[in-house]
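Here is the naming used below: chain letters follow the sequence lines, and residue numbers restart at 1 for every chain. Everything numeric here is computed off the predicted structure, so don't read it as measured data.
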Amino acid sequence: MGHSVFALVDCNNFYASCEKLFRPDLRCKPVVVLSNNDGCVVARSKEVKALGIKMGVPIFQIRDEIEQHGIVCFSSNYALYADLSSRVMSILEEEAPRVEIYSIDEAFMDLTGVAHTVDLLEFGRKVKARVDQHVGITVGIGIAPTKTLAKLANHAAKKYPATGQVVDLMSPARQRRLMALVDVGDVWGVGRRITEKLKARGIHTALNLADADPKTIRREFSVVLERTVQELNGISCLELEALAPTKKQIVCSRSFGQRITERSELREAVAKYMSRAAEKLRGEKRLARVVQVFVRTGVFNSSDPHYSGSLSVELPNPTDDTRDLLEAADVLFSRIYKAGYRYAKAGVMLTDFYEHGTYQHDLFRGSFERKQSKELMGVLDQINHSGLGSVFFASQGTSPQWAMKREHLSPAYTTRWEELPVVR
DNA sequence: TCTGGGGTCCTAGGACCC
DNA sequence: TCTGGGGTCCTAGGACCC
């Protein structure tokens, strides 16, 4: 309590930087990474940001800019990003006793214990240099007494090159000076809607928000925003969570490469997502009791008739067996499917999780657990993770027409032997 | 023609109970 | 016509994050 110190480490333009890492020829070239199906821009190199291309824009809207500026496009290569991320994170874990991996490209470090033994700015510079040297990814670092202020410090580290991308924001006077320059919408936890409401009340900067009355904010907004106000004032409300909390839900959903009109194809897609969700569930070492399936048409094209169907079911007993889950998903699917629509997306969700061995089986229905379920699922996961091949259920189909579009995929430089980069 | 995916937390309102 | 007070649990929806 009292004197926490957090560092927020954030990789610059992470996905775009990962792609550039293995393509030195692209060093100063504009690069974007696209979402699944090559739909929207999800990461931009600094050259692309400078061109004013916004995050999340559909690729078809910027065809001209791509052509004109020679922007290089990549499909998302998640395996590559995850691998480089874990390399960055292991370095951070060597440098601090406790690290919270907040997302694929961000982590909070707990510097509470070391703060009085080292110079924080120097410490930050050292961490940055180590990541740069060992992984080749550039990071920005913000250091402050609360997570929200550390985020703000990180924001400043990126915005002002003179900082060398490391900012120590422990001093309250510096906090106030910076907050006066930051738009309230750039504060962590303040999204578009709340920004609008705040500005209507005359709160325009982070400093305005810090100086607002917490009780009023709670009444007119929420306890969440009240916490933000406290955090901006150096009162730490958000703890560092070094142990990843177990998931409460698992979602697998995808937009299709092309619209689906065939029932059998849509059914295969649902089965495929269900199998993936079951794998994730076993990875979490949990059993799920509630299964949900949804299908829907596109939401952007208004000329096609819209339909969105979703249904969930509570299983008699929690399970992690792909066969049980597929069975449930199929029943739900047949109840929500309607012929005659052009489907754009489908997905499944698992919720209501239990640990193995803690669930009290229904006395009257008894335990229907399949024989050797654990063994079969174990072998299934093992084969699929070995890289030797893949085993799956027939209901998923073998040559989906609905597979994702990934026309600009980079090689798996770090995760497949055949695709290792070669230095000549 | 073409617009991502996967999470969390909070709140309001309804159902139900005593 | 007028019709209490308090609690729990669940769900849907909204807001946010990366």
Side-chain angles (χ1 to χ4, degrees), chain A residues 8-15 32-44 54-64 66 73-78 81-82 85 100-108 147-148 151 154-155 184-198 218-228 237-238 241 244-259 273 276-277 280-281 283-284 290 292 294 296-304 308 310-312 314 342 344-353 404-407:
Chain A
L8 177 66
V9 182
D10 177 321
C11 302
N12 294 356
N13 321 320
F14 185 55
Y15 294 178
V32 296
V33 177
L34 307 175
S35 64
N36 287 328
N37 290 313
D38 296 343
C40 325
V41 172
V42 294
R44 307 157 294 161
K54 297 274 180 267
M55 183 76 168
V57 294
I59 188 79
F60 70 85
Q61 283 177 8
I62 56 166
R63 291 268 181 238
D64 292 347
I66 290 174
C73 299
F74 288 96
S75 302
S76 295
N77 186 345
Y78 194 79
Y81 314 146
S85 170
E100 173 184 341
I101 298 173
Y102 181 72
S103 73
I104 192 163
D105 69 339
E106 266 178 71
F108 288 101
K147 281 182 162 181
T148 305
K151 272 274 192 182
N154 186 278
H155 176 80
V184 73
D186 290 332
V187 173
W188 191 39
V190 180
R192 222 184 55 246
R193 287 302 176 77
I194 292 181
T195 302
E196 240 173 77
K197 265 180 89 176
L198 285 170
R218 180 182 195 140
R219 201 175 54 242
E220 293 185 9
F221 294 85
S222 67
V223 295
V224 181
L225 195 62
E226 183 196 18
R227 275 202 291 264
T228 302
C237 304
L238 304 170
E241 287 166 32
T246 53
K247 287 196 195 337
K248 294 174 180 170
Q249 64 174 46
I250 289 172
V251 180
C252 283
S253 71
R254 286 278 181 287
S255 300
F256 307 127
Q258 310 156 20
R259 298 285 186 261
Y273 305 153
R276 276 254 52 216
K280 289 192 200 170
L281 180 66
E284 289 283 308
V290 172
Q292 186 180 335
F294 70 88
R296 66 166 172 77
T297 56
V299 288
F300 295 102
N301 188 343
S302 53
S303 63
D304 281 348
S308 164
S310 164
L311 204 59
S312 67
E314 184 168 318
R342 299 178 68 233
K345 186 172 182 174
V348 304
M349 188 177 349
L350 298 175
T351 48
D352 197 11
F353 293 167
M404 270 203 300
K405 211 197 297 177
R406 294 175 95 185
E407 288 173 356

Separation of atom [atom1] in [X] from atom [atom2] in [N], rounded to whole Å:
| X | N | atom1 | atom2 | result |
| --- | --- | --- | --- | --- |
| A/Ile194 | B/dC10 | CD1 | P | 13 Å |
| A/Glu284 | B/dG7 | CD | P | 8 Å |
| A/Tyr102 | B/dT8 | OH | C1' | 9 Å |
| A/Arg276 | B/dG5 | CZ | C1' | 12 Å |
| A/Lys405 | B/dT1 | NZ | P | 13 Å |
| A/Ile101 | B/dG7 | CD1 | P | 16 Å |
| A/Ile62 | B/dT1 | CD1 | C1' | 17 Å |
| A/Met55 | B/dT3 | CE | P | 17 Å |

Query raised in the report: Charged N to carboxylate O below 4.0 Å: is that the case for A/Glu284 and A/Lys248?
Result: no

Query raised in the report: Would you say B/dG4 has OP1 or OP2 under 4.0 Å from some side-chain N or O of A/Ser76?
Result: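 Checking A/Ser76 against B/dG4: no side-chain N or O falls below 4.0 Å of OP1 or OP2.
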
Query - Distance test, side-chain N/O of A/Ser253 to OP1/OP2 of B/dG6, below 4.0 Å - result: yes

**Report entry** Test item: A/Cys73 and A/Ile59 side chains (from C-beta on) under 4.5 Å apart, heavy atoms
**Finding:** yes

**Report entry** Heavy-atom side-chain proximity of A/Met55 to A/Arg44 below 4.5 angstrom
**Finding:** yes

Checking all strands, does [X] fall into the base, sugar-phosphate, or nothing category for heavy-atom contacts under 4.0 angstrom?
| X | answer |
| --- | --- |
| A/Asp105 | sugar-phosphate |
| A/Arg259 | sugar-phosphate |
| A/Ser222 | nothing |
| A/Val299 | nothing |
| A/Lys197 | nothing |
| A/Glu106 | sugar-phosphate |
| A/Leu34 | nothing |

**Report entry** Who pairs with B/dC18 - Watson-Crick or G-U, where each distance is under 3.5 Å
**Finding:**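 Paired with B/dC18, as far as the under-3.5 Å criterion goes, is C/dG5.
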
Given [options], identify the nucleotide with an atom nearest to the side chain of [X].
| X | options | value |
| --- | --- | --- |
| A/Lys280 | C/dC17, B/dG6, B/dG5 | B/dG6 |
| A/Cys40 | C/dA15, B/dG7, B/dG4 | B/dG4 |
| A/Arg193 | B/dC9, B/dT11, C/dC16 | C/dC16 |
| A/Ser103 | B/dG7, C/dC18, B/dC9 | C/dC18 |

Query raised in the report: Parallel, tilted or perpendicular for A/Tyr102 and A/Phe108, by the 30°/60° rule?
Result: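 Rings of A/Tyr102 and A/Phe108: perpendicular, over 60°.
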
Report task. Using modelled atom types only, decide if a donor and an acceptor are shared between the side chain of A/Ser85 and the backbone of A/Tyr81 within a distance under 3.5 Å. Result ->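 No.
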
